[in-house]
**Student:** 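This is the structure I have questions about; it appears just below.
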Amino acid sequence: MIWTFCPTNRCSYSIKMTYMNIWIDINHVPQFNFYKRIITLLSEQGNKVWITVLQRGKLLKIINRELSGMPNVVIVPMGRHKMTKWSAVFEANLLRIPKMWWWKRKTSIDIAFSNGFQLALVSHLNNIPNYSFDDDPQTVDYKYKIKYNTICHFCVYSDPSLVGPEKVLPVLKEWAYLAPKYFLPNPQILEKYGVQPKEYVFLREVSVGTVNYAGQASGAILGIQDLIPKDKKVLFSLEEKDKCHLYPKEWILLQEPIEDIHSLIYYSAGLVSSGDSMAREAALLGVPAYYLGIRYDMPANAAAAKVANLQNQKTADFAEWVKNLSVAPEEAEKQQQALRQHIDEEFIDINAYMMALVEQVEIVNH
């Protein structure tokens, strides 16, 4: 949006407002979490936000529920992913490109954002400034995003191995929605589970039947269940619900979708996860976090370990680490606030960074 002040003969001023057409392509839930705040900010400014959504699992339903009624936002289903290898390759990737091409032909766009290569390719061919924000340079479409993005960003804090045309930002993607500026925890959510702040542990067991967890043994939480402090209640997130009988009956099994999950993590005494995504989120929320998986060297995990004290089986013995969860709630909260402040000083505001990219295009175009 641009404000132009034009003097008249009566020495008053008129205002000309120019709004942008922004295209954001979303392929799965973590991407939506990342872009949700910038969508809200752009909408509040009066910009038109076009959101193309891959129909994958409950993604479209979640976006419709959370953005329904938001002014200036248009949600467009674009392609589908049926959670099979064939569908991932052809429907979610190759067949999606011509769909996006024809949609763009009838839609005016000033700037585009995505973490996938399809938007990058279509935008490149239409001379649209386009930007991606990733945290894993090992993805199969890496070279295409490098080639077609105006700038291919990596939100990994620092990575000396990335020395090409990509740009490393001093932040992690989860900070877009977990920074103190954007996240306010709600203690009332604890009433639903009968727990008190810092008096329970949050455990997360993921399925290892995906590409990201290839080579990782299943049941990591099972291996440490006897080490969880007996004075702590347990909130338990389990992807494979059919295996719940293998775990202690007294653990409180959470049912997805979990309402306000980040507040539940924030108020926990600590989080232990066999998946890296939630472990990183907990670390950024200032919660003692332990990752039981094997992706130690992934840049985002390394950054969370360096800046936010995320621990794993290489950096700390679990039996010793878990003893630190029995500190008094007041002391735990004090340590959490100090760590959150430290992270905030180390990381940039990624939403402000994206907004600056939009403003640059405004100046050039108008």
**Student:** For N149 versus A120, what's the shortest heavy-atom pair and its separation?
**Tutor:** ND2-CB, 3.5 Å

**Student:** In terms of ring plane angle, is the pair F113 and Y131 parallel, tilted or perpendicular, where the classes change at 30° and 60°?
**Tutor:** tilted

**Student:** Thinking salt bridges, do K243 and E205 make one under a 4.0 Å N-O criterion?
**Tutor:**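 Result for this pair is no, no salt bridge flagged.
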
**Student:** Could you tell me whether a side-chain N or O of K233 sits under 3.5 Å from a main-chain N or O of G194, the two making a donor and an acceptor?
**Tutor:**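 Yes: the side chain of K233 pairs with the backbone of G194.
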
**Student:** Distance from E240 atom CD to L246 atom CG, nearest 0.5 Å?
**Tutor:** 10.0 Å

**Student:** Knowing that exactly one of V53, L54, I26 qualifies, which makes a side-chain contact (heavy atoms from CB on, under 4.5 Å) with L60?
**Tutor:**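 Single side-chain contact (heavy atoms from CB on, under 4.5 Å) partner of L60 among V53, L54, I26: V53.
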
**Student:** Do the side chains of W175 and D344 get nearer than 4.5 Å, heavy atoms only?
**Tutor:**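 Result yes, sub-4.5 Å side-chain heavy-atom pair found.
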
**Student:** For the CG atom of L59 and the CG atom of N27, what is their distance to the nearest 0.5 Å?
**Tutor:**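 Answer for the CG-CG pair, L59 versus N27, is 8.0 Å.
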
**Student:** Can you measure from CD1 (I261) to CG (L235) and round to the nearest 0.5 angstrom?
**Tutor:** 10.0 Å

**Student:** Residues two or more places apart in sequence or in another chain: which of them pass ring pair (Phe, Tyr, Trp, His ring centres under 6.0 Å) with F236?
**Tutor:**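 For F236, the residues satisfying ring pair (Phe, Tyr, Trp, His ring centres under 6.0 Å) (neighbours in sequence not counted) are Y247, W251.
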
**Student:** With a 3.5 Å cut-off and no angle check, do the side chains of S132 and D134 form a donor-acceptor pair?
**Tutor:**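 The answer is no; no qualifying pair exists.
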
**Student:** Tell me, do S268 and V287 make a side-chain contact under 4.5 Å, heavy atoms counted?
**Tutor:** yes

**Student:** If two hydrophobic side chains count as joined below 4.5 Å and joins carry through other members, does I24 share a cluster with I151?
**Tutor:** yes

**Student:** T107: what forms a side chain to side chain donor-acceptor pair (under 3.5 Å) with it, not counting sequence neighbours?
**Tutor:** none

**Student:** For H124, check side chain to side chain donor-acceptor pair (under 3.5 Å) against everything at least two apart and list the hits.
**Tutor:**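 Counting only residues at least two positions away or on another chain, H124 forms no side chain to side chain donor-acceptor pair (under 3.5 Å).
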
**Student:** Roughly how far apart are D159 CG and L169 CG, rounded to 0.5 Å?
**Tutor:** 12.5 Å

**Student:** Is the shortest heavy-atom distance from the side chain of V156 to the side chain of V168 under 4.5 Å?
**Tutor:**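 V156 vs V168: side chains touch.
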
**Student:** Find the distance between NZ (K147) and CG (L121) and round it off to the nearest 0.5 Å.
**Tutor:**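 K147 atom NZ to L121 atom CG measures 9.0 Å (nearest 0.5 Å).
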
**Student:** Please say which of P185, P197, P187 ends up in a side-chain contact (heavy atoms from CB on, under 4.5 Å) with Y266.
**Tutor:** P185

**Student:** Report the C-alpha distance between Q118 and Y144 in whole Å, list the side-chain angles of each, state the deciding distance to 0.1 Å, and finish with yes or no for side chain to side chain donor-acceptor pair (under 3.5 Å).
**Tutor:** CA-CA 9 Å; Q118 299 104 325; Y144 301 110; over 6 Å; no

**Student:** Please name all residues satisfying side chain to side chain contact (heavy atoms under 4.5 Å, CB included) with Q335, sequence neighbours left out, ordered by chain then number.
**Tutor:** E331

**Student:** With sequence neighbours excluded, what pairs up with Y267 under the ring pair (Phe, Tyr, Trp, His ring centres under 6.0 Å) test?
**Tutor:** none

**Student:** Which heavy atom in K232 sits nearest to a heavy atom in L325, and how many Å separate them?
**Tutor:**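 Closest approach of K232 to L325: CE-O, 3.2 Å.
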
**Student:** Taking all atoms of both residues into account, what is the closest heavy-atom pair of L178 and R340, and its distance?
**Tutor:**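 Of all heavy-atom pairs spanning L178 and R340, the closest is O-NH1, 2.6 Å.
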
**Student:** Going by atom types only, do K198 and Q336 share a side-chain donor-acceptor pair under 3.5 Å?
**Tutor:** yes

**Student:** Less than 4.5 Å apart, side chain to side chain, heavy atoms only: is that true for D25 and R96?
**Tutor:**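 The answer is yes; the side chains approach within 4.5 Å.
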
**Student:** Quick one: side chain to side chain contact (heavy atoms under 4.5 Å, CB included) partners of D317, sequence neighbours excluded?
**Tutor:**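 Here the qualifying residues are A319, E320.
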
**Student:** Using a 3.5 Å cut-off and no angle test, enumerate the donor-acceptor pairs between side-chain atoms of residues 345-353 and protein atoms at least two apart in sequence or in another chain.
**Tutor:**
from: E345; atom 1: OE2; to: Q341; atom 2: NE2; distance (Å): 3.4
from: E346; atom 1: OE1; to: Y157; atom 2: OH; distance (Å): 2.4
from: D349; atom 1: OD1; to: Y182; atom 2: OH; distance (Å): 2.9
from: D349; atom 1: OD1; to: N351; atom 2: N; distance (Å): 3.1
from: D349; atom 1: OD1; to: A352; atom 2: N; distance (Å): 3.1
from: D349; atom 1: OD2; to: K181; atom 2: NZ; distance (Å): 3.3
from: D349; atom 1: OD2; to: Y182; atom 2: OH; distance (Å): 2.8
from: N351; atom 1: ND2; to: A176; atom 2: O; distance (Å): 2.9
from: Y353; atom 1: OH; to: H153; atom 2: NE2; distance (Å): 2.8
from: Y353; atom 1: OH; to: K167; atom 2: NZ; distance (Å): 3.2

**Student:** Does S263 have any side chain to side chain donor-acceptor pair (under 3.5 Å) partners at least two apart in sequence or in another chain, and if so, which?
**Tutor:**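 Partners of S263 by the side chain to side chain donor-acceptor pair (under 3.5 Å) criterion, ordered by chain and then number, come out as D260.
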
**Student:** Between Y291 (side chain only) and I294 (backbone N and O only), is there a donor and an acceptor less than 3.5 Å apart?
**Tutor:**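 Present.
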
**Student:** For salt bridge (Lys or Arg N to Asp or Glu O under 4.0 Å), just list the numbers for K241 and E256, CA-CA rounded to whole Å, side-chain angles, deciding distance to a tenth of an Å, and then say yes or no.
**Tutor:** CA-CA 10 Å; K241 295 291 193 296; E256 288 75 17; 2.5 Å; yes

**Student:** For residues 298-315, please give each side-chain donor-acceptor pair under 3.5 Å, one per line with the distance, not counting sequence neighbours.
**Tutor:**
from: N301; atom 1: OD1; to: R280; atom 2: NH1; distance (Å): 2.8
from: N301; atom 1: ND2; to: D276; atom 2: OD2; distance (Å): 3.2
from: N301; atom 1: ND2; to: R295; atom 2: O; distance (Å): 2.8
from: N309; atom 1: OD1; to: Q311; atom 2: NE2; distance (Å): 2.8
from: Q311; atom 1: OE1; to: T315; atom 2: OG1; distance (Å): 2.7
from: N312; atom 1: OD1; to: K314; atom 2: N; distance (Å): 2.7
from: N312; atom 1: OD1; to: T315; atom 2: N; distance (Å): 3.1
from: Q313; atom 1: NE2; to: L292; atom 2: O; distance (Å): 2.8
from: T315; atom 1: OG1; to: N312; atom 2: N; distance (Å): 2.9
from: T315; atom 1: OG1; to: N312; atom 2: O; distance (Å): 3.2

**Student:** Any donor and acceptor pair, going by atom type alone, linking the side chain of S274 with main-chain N or O of V206 inside 3.5 Å?
**Tutor:** yes

**Student:** Can you pull the ring pair (Phe, Tyr, Trp, His ring centres under 6.0 Å) pairs that have at least one residue in residues 295-321, sequence neighbours excluded?
**Tutor:** Y290-F318, Y290-W321, F318-W321

**Student:** If the condition is side chain to side chain contact (heavy atoms under 4.5 Å, CB included), which residues does S123 pass it with, not counting sequence neighbours?
**Tutor:** W23, A112, L119, I128, N130

**Student:** Between NZ of K48 and CD1 of I109, what distance do you get to the nearest 0.5 Å?
**Tutor:** 9.0 Å

**Student:** In residues 66-82, what donor-acceptor pairs under 3.5 Å come from side-chain atoms, sequence neighbours left out?
**Tutor:**
from: E66; atom 1: OE1; to: K36; atom 2: NZ; distance (Å): 2.8
from: N72; atom 1: ND2; to: S43; atom 2: O; distance (Å): 3.0
from: H81; atom 1: ND1; to: M83; atom 2: N; distance (Å): 2.9

